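Let me begin by presenting the structure, written as structure tokens, before commenting on it.
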Amino acid sequence: MRAALKRSFYLRPTIEVARELLGKIVIHGSTSGRIVETEAYLGTGDLAAHAAAGITNRNRVIFGPPGHAYVYFIYGMYECLNIVAEPEGEAGCVLIRALEPVDGIAAMRKRRPTANRDEDLANGPGKLTRALGITLRDNGCDVTRGPVVVCAPDKEDTFEIGISLRIGITKSADLPLRFFVKGSRFVSRHR
DNA sequence: AGTTCGATCGCCT
DNA sequence: GGCGATCGAACTG
């Protein structure tokens, strides 16, 4: 059994958490994957962030204590997973954009029959929630406890971090807040 | 390989 | 009523 990252890991500036989450493991049930791509979404001033307009019923988890999952529904059919950073009362979260499958690859294939190659199972925010079976029911979940858990890898590895603009947004689109494991074939876009 | 477009629905104005 | 932190299929060249 892997040990979950402590809450203090998330009690930091969002950008720092976004970078540090690379290489960590997301677990849900029998499936897990290594985080290879993240995006930081800040509070006030970041017009692309759901938190930009203040607290609403949908986004209130972002303003809560760090180390919780913010899961939202988008485009009528996809769920996206974020991990909340910053102290309680302040907004900031990290969108998990791509995973390198680790455990339960057979189960992931079953949930994502359109993926032909392993690198297509979880190389996008909507794909990885589907692959791991993460849904709106996991919104607000404490990722230091579960059912969605984030852990350190069994074996620390080193890699270079790539930085780029965030993907798929129109507002505040000029900020370099996307981080990825350089050279990984499991990222959603190769630059 | 790159671009366009339809699916599908909760959220917020 | 319009739009979106997407995906995959159908186009084009």
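Not measured: the values here are computed from a predicted model. These values consider heavy atoms only, across backbone and side chains, with no hydrogens, waters or symmetry-generated copies. Labels below follow one simple rule: chain letters A, B, ... track the order of the sequence lines, proteins then strands, and each chain is numbered from 1.
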Legend entry - Spacing of E39(A) atom CD relative to dT6(C) atom P, expressed in whole Å: 8 Å
Inset, instruction - Would you mind reading off the distance between N57(A) atom CG and dC12(B) atom P, rounded to a whole angstrom? - result: 7 Å
Inset, instruction - Check every strand shown and say whether I169(A) touches a base, only sugar-phosphate, or nothing at a heavy-atom separation below 4.0 Å. - result: sugar-phosphate
Legend entry - Upstream residue (5' side of DNA chain B) when I74(A) and A53(A) are each assigned their closest nucleotide: I74(A)
Inset, instruction - Report which part of the nucleic acid R130(A) touches: base, sugar-phosphate, or nothing (heavy-atom distance under 4.0 Å, all strands). - result: nothing
Inset, instruction - Please determine, for the side chain of N82(A), which listed nucleotide (dC12(B), dA9(C), dA5(C)) has the closest atom? - result: dA5(C)
Legend entry - Whole angstrom value for the distance that separates P of dA5(C) from CG of L136(A): 15 Å
Inset, instruction - Look at all strands and tell whether G76(A) reaches a base, only sugar-phosphate, or nothing, counting heavy atoms closer than 4.0 Å. - result: base
Inset, instruction - May I ask you to verify if any side-chain N or O of K171(A) is less than 4.0 angstrom from the OP1 or OP2 atom of dG4(C)? - result: no
Inset, instruction - Return yes if some donor-acceptor pair links the side-chain N/O of H68(A) with the main-chain N/O of G140(A) below 3.5 Å, else return no. - result: yes
Inset, instruction - May I ask whether V149(A) and L22(A) are part of the same hydrophobic cluster, defined by side-chain heavy atoms of I, L, V, M, F, W, Y residues being less than 4.5 angstrom apart, directly or through others? - result: no
Inset, instruction - Ignoring backbone atoms, test whether R112(A) places a side-chain nitrogen or oxygen under 4.0 Å from the OP1 or OP2 oxygen of dC7(C). - result: no
Legend entry - Test item: T38(A) side-chain N/O and A18(A) main-chain N/O as donor-acceptor pair under 3.5 Å: yes
Inset, instruction - Quick one: label R58(A) by what it contacts on the DNA or RNA (base, sugar-phosphate, nothing), any heavy atom closer than 4.0 Å. - result: sugar-phosphate
Inset, instruction - Let me know the distance between CZ of R60(A) and P of dC11(B), rounded to the nearest Å. - result: 11 Å
Legend entry - Minimum-distance pair of heavy atoms, taken over all atoms of E39(A) and I167(A): OE2-N, 2.8 Å
Inset, instruction - Whole angstrom is fine here: how far is it from NE2 in H190(A) over to P in dG2(B)? - result: 12 Å
Inset, instruction - Specify the residue among A115(A) and V94(A) whose closest nucleotide of DNA chain C lies further upstream toward the 5′ end. - result: V94(A)
Legend entry - Closest nucleotide among dC12(B), dG10(B), dG8(C) to the T56(A) side chain: dC12(B)
Inset, instruction - Give a yes/no verdict on base stacking between dA5(C) and Y41(A): centres under 5.5 Å, planes within less than 30° of parallel. - result: yes
Inset, instruction - Hunt down any stem DNA chain C takes part in, defined as 3 or more consecutive Watson-Crick or G-U pairs whose two distances are each under 3.5 Å. - result: B:1-7 with C:6-12, B:9-12 with C:1-4
Legend entry - Minimum-distance pair of heavy atoms, taken over all atoms of N116(A) and R109(A): O-NH2, 3.5 Å
Inset, instruction - Grab the OH-P distance between Y70(A) and dC11(B) for me, whole Å please. - result: 9 Å
Inset, instruction - Inspect the contact between D154(A) and R2(A) and indicate whether a charged nitrogen and a carboxylate oxygen are less than 4.0 angstrom apart. - result: yes
Inset, instruction - Could you tell me whether the phosphate oxygens of dA5(C), OP1 or OP2, come under 4.0 Å of any side-chain nitrogen or oxygen in R97(A)? - result: no
Legend entry - Min side-chain heavy-atom separation R189(A)-N123(A) under 4.5 Å: no
Inset, instruction - Return each pair, listed once, that meets salt bridge (Lys or Arg N to Asp or Glu O under 4.0 Å) where at least one residue sits in residues 162-175 of chain A; pairs must be two or more places apart or across chains. - result: D46(A)-R166(A)
Legend entry - Residue pairs involving residues 3-24 of chain A (criterion salt bridge (Lys or Arg N to Asp or Glu O under 4.0 Å); sequence neighbours excluded): R7(A)-D142(A), R12(A)-E16(A)
Inset, instruction - Go through dC9(B), dT6(C), dG8(C) for me and flag the one nearest to the Y78(A) side chain. - result: dT6(C)
Legend entry - Nucleotide nearest K127(A) (side chain, heavy atoms from C-beta), chosen from dA7(B), dG10(B), dC7(C): dC7(C)
Legend entry - Earlier contact from the 5' end, DNA chain C, for D120(A) and I167(A): I167(A)
Inset, instruction - Please tell me which of the listed nucleotides, dG8(C), dG4(C), dA5(C), lies nearest to the side chain of Y75(A)? - result: dG4(C)
Legend entry - Value in whole Å for how far the C1' atom of dA1(B) lies from CZ of R191(A): 14 Å
Legend entry - Value in whole Å for how far the C1' atom of dA5(C) lies from CG of N123(A): 16 Å
Inset, instruction - Looking only at side-chain atoms of F73(A), point me to the closest of dC9(B), dA5(C), dG8(C). - result: dC9(B)
